[in-house]
Amino acid sequence: MLNKYPLWKYLLILIVCAMGAVYSLPNLYPPDPAVQITPAKSGDAVDEYTLKKALAVLDSKNIEYFGETLQEGKTALLRVKDQEIQLAAKSAIQRELGDSFIVALNLAPTTPQWLRDLNAGPMTLGLDLSGGVHFLMEVDMEQFLKQRVDNYREALKRSLREENLRYRRVILAGEHGIDIMFTKADHRDDAESLIRREYTEFITSTRDDSEDAFWVSLRMTDAKVKELETYAVKQNLTTIRNRVNELGVAEPLVQRQGRNRIVVELPGVQDTAAAKKILGKAANLEFRLEATPDEPKYNTEVFKFKNPSPGRADARVEKALIVTGDNVSNAQPAFDENGQPQVNINLDGTGGALMGDATKKSIGRRMAVLFIEHKVRTRYEEKDGEIITHEDKYKEKGIISLATIQSALGSSFRITGLEAGEASELALLLRAGALAAPMYFVEERTVGPSLGKENIKLGVTSVQMGLALVLLFMLLYYKVFGIVANIALTANLMLLTAIMSMLGATLTLPGIAGIVLTVGMAVDANVLIFARIKEELKEGLNPQQAIHSGYDKAFLTILDANITTLIVAIILFAVGTGPVKGFAVTLSIGILTSMFTAIVLTRAMINLVYGGRRVSKLSI
């Protein structure tokens, strides 16, 4: 029978439309500005006492809040009315709780629980539509250059020992400088020749203090300093981008600002506390051998264990490094045979060779794994009625593992001695790449939509007016068939919204342009079909045959037009970036949904209205 679908096809269309309605619903619930409290140390949690402490300081300052909750026993979330209150609440809570907790700006979802139970959530909006969180981070160039010069000092010691040039002292001197003292002038002169030949990044000079004190002084060139500064910022940019990608943040902005600063902007609803915790953490590893009893003390350092065991709180290790976290090519958290957390490490070629050489000569000795973090301690001072914030930067080193070397290690091995949260965090940091230089947050704020609320409002209004005019035209010109097309067009927008929400796609203003284009293409498909039906009626076919023939003959034309557009959208997504990709995503999804609604859904509704009946005239 013409124009009749089997029951299963009607049920399938109904299920698809119902799912589209459910998964597009969360977009009707805008998020609330919120303040999120997260422990600075992985594995810790925010308890009731901490939450009450935060609420008490807000009450004392008459800051309004609501919906305070503990999330999974690890973090706390406090909702507020607007962004101005949000900033005041964050400042007050951070001062009260101190550096043991990260207090971050966030957007709290208002989606009903029954929708969240179905994993339904709203679309992520780009910075141009919803705004987001803005971080300004500063690279600590002074600390970075000091560390680099210190590395050169260790390298110089090795070079001098290999050349049998005996020295008495190798010390850091001034800004970007190293002084080396010899007891013999000929050793000093040979060393200077070696340095000029192999360490061209330094300018050398000599002086004689006494008969047994001959000095050679090294000062790093300005060109080398600038080169290192550029490298530090570029490497940190790459690392920050990798960390953002590991966090799954949609459509982020990460770019350099000035000489030593990096801007990070995270759009939409994000776990900004976790992002802040991971982005700013300058953590690295150092692998060193435990010092032997006869090792001179000036060649060793004493460090405490991060998780000390009874009777063992610290250990003495050599200053010389085997490898660092910079040589890690991959890191994954896992569990050992006893169910304890561990991190599986893979080194690059250089790191694997250095590790193999060092451990081959040290079987039976113990190797220490040091975890290094650059931190900030915040102090508050009240002066003339104003609160002045002081930030003291410091480095924290601790031993996380001290194990006996049973055999020569290669490029793959494991690290134990961590808690589960620390293992996951360390693996993420190493996998994303170590920061070349420590970084600190100098500014955090929420940013409004970059296009401005008024422009966005006008843009949305224009879309609504255009859609209303299309619906009115279809209704007046095609009558009953126009009503069917309008229902299909509404369903198309609903399905498009649902799919983008399910995929976690980010909607930007160019994405809205893609949706508008999709609406036009969907209407165009219906116009082609209805025009073909009219032509078939004029040629003398009865209404049932005209409907059947109209859909069949228009299908290939619609398919060709949509496939060519889809190919262009795929190319735009492959080669484009940022807003171009946003446009390509919405256009691609819109093409697929419009094919479904304009052909399958409208055909189903027309079949329900006219199929299986004797019809003398169509309302078209």
Side-chain angles (χ1 to χ4, degrees), residues 135-159 172-178 195-204 218-246 252-264 278-287 320-331 346-354 370 372-376 393 395 397 426 428-442:
F135 295 126
L136 182 61
M137 307 174 73
E138 185 172 273
V139 180
D140 190 346
M141 286 299 182
E142 182 180 347
Q143 179 65 32
F144 167 68
L145 292 172
K146 182 180 178 182
Q147 180 62 47
R148 282 288 172 155
V149 174
D150 193 46
N151 292 343
Y152 275 116
R153 182 181 66 168
E154 296 299 323
L156 281 165
K157 288 181 180 180
R158 289 195 297 270
S159 297
L172 300 179
E175 190 175 6
H176 318 144
I178 302 172
I195 292 167
R196 286 181 174 177
R197 185 174 65 251
E198 297 187 3
Y199 295 89
T200 56
E201 54 268 65
F202 287 95
I203 299 172
T204 61
L218 294 78
R219 295 294 177 271
M220 189 177 290
T221 64
D222 292 340
K224 186 62 179 179
V225 170
K226 185 174 291 187
E227 178 189 329
L228 288 174
E229 288 180 348
T230 301
Y231 162 78
V233 175
K234 285 186 176 180
Q235 178 62 31
N236 280 15
L237 267 173
T238 301
T239 300
I240 292 297
R241 288 192 181 108
N242 290 340
R243 291 182 180 183
V244 169
N245 291 338
E246 290 278 351
L253 172 68
V254 182
Q255 65 183 22
R256 182 175 182 173
Q257 185 180 86
R259 170 177 165 265
N260 63 339
R261 290 187 170 185
I262 293 175
V263 172
V264 182
I278 295 298
L279 293 180
K281 179 161 283 189
N284 208 338
L285 293 180
E286 290 181 357
F287 297 84
L321 305 180
I322 301 174
V323 293
T324 68
D326 297 335
N327 299 109
V328 174
S329 60
N330 192 20
N346 290 324
L347 299 177
D348 57 21
T350 302
L354 291 172
L370 273 70
I372 301 98
E373 286 186 272
H374 294 267
K375 294 186 173 182
V376 175
K393 302 171 184 176
K395 185 189 294 185
K397 291 188 177 183
L426 176 61
L428 186 154
L429 293 174
L430 293 175
R431 193 166 58 247
L435 292 173
M439 296 184 67
Y440 304 97
F441 290 94
V442 295

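Bear in mind that the values here come from a model prediction, so they are computed numbers and not experimental data.
Rounding to the nearest 0.5 angstrom, the gap separating the OG1 atom in Thr324 from the CG atom in Leu347 is 9.5 Å. The distance from atom CG of Leu285 to atom CG of Leu370, rounded to the nearest 0.5 Å, is 9.0 Å. Between Thr200 atom OG1 and Phe202 atom CZ the span is 10.0 Å, to the nearest 0.5 Å. Taking CG of Leu156 as the start and OH of Tyr199 as the end, the distance is 4.5 Å to the nearest 0.5 Å. Rounding to the nearest 0.5 angstrom, the gap separating the CD atom in Glu154 from the CD1 atom in Ile178 is 9.5 Å. Summarising the geometry, atom CZ belonging to Arg261 is positioned 12.0 Å from atom CE belonging to Met137; distances are rounded to the nearest 0.5 Å.
Under the 4.5 Å side-chain criterion, counting only non-hydrogen atoms from C-beta, Leu228 is in contact with Met220. Looking at Tyr231 and Arg148, their side chains come closer than 4.5 Å, going by heavy atoms from C-beta outward.
Looking only at distances, a side-chain donor or acceptor of Arg256 sits under 3.5 Å from a matching main-chain atom of Arg259.
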Exercise. Run the side-chain contact (heavy atoms from CB on, under 4.5 Å) check on Glu175 and Val149 step by step: do they pass?
Worked result: CA-CA 9 Å; Glu175 190 175 6; Val149 174; over 6 Å; no
For this session: Could you walk me through whether Thr239 and Gln235 pass side-chain contact (heavy atoms from CB on, under 4.5 Å), step by step?
Result: CA-CA 6 Å; Thr239 300; Gln235 178 62 31; 3.4 Å; yes
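Across every non-hydrogen atom of Leu136 and Gln257, the tightest pair is CD1-OE1, 3.4 Å. Taking both residues in full, the closest heavy atoms of Val225 and Leu145 are given as CG1-CD1, 4.0 Å, listed atom of the first, atom of the second, then distance.
For Lys226 and Glu229, the salt-bridge test fails: no basic side-chain N is under 4.0 Å from an acidic carboxylate O.
In terms of the side-chain contact (heavy atoms from CB on, under 4.5 Å) criterion, residue partners of Asp140 (sequence neighbours excluded) are, by chain and number, Glu142, Gln143, Lys393, Pro438, Tyr440. Checked against side-chain contact (heavy atoms from CB on, under 4.5 Å), Ile203 has the following partners two or more places apart in sequence or in another chain: Thr221. Listed by chain and residue number, Ser159, Leu194 satisfy the side-chain contact (heavy atoms from CB on, under 4.5 Å) test with Glu198 (two or more places apart in sequence, or in another chain).
Lys397 NZ: more than 12 foreign heavy atoms inside a 6.0 Å radius.
The side-chain contact (heavy atoms from CB on, under 4.5 Å) test with Val323 singles out one residue from Thr350, Asp348, Leu354, and that residue is Leu354.
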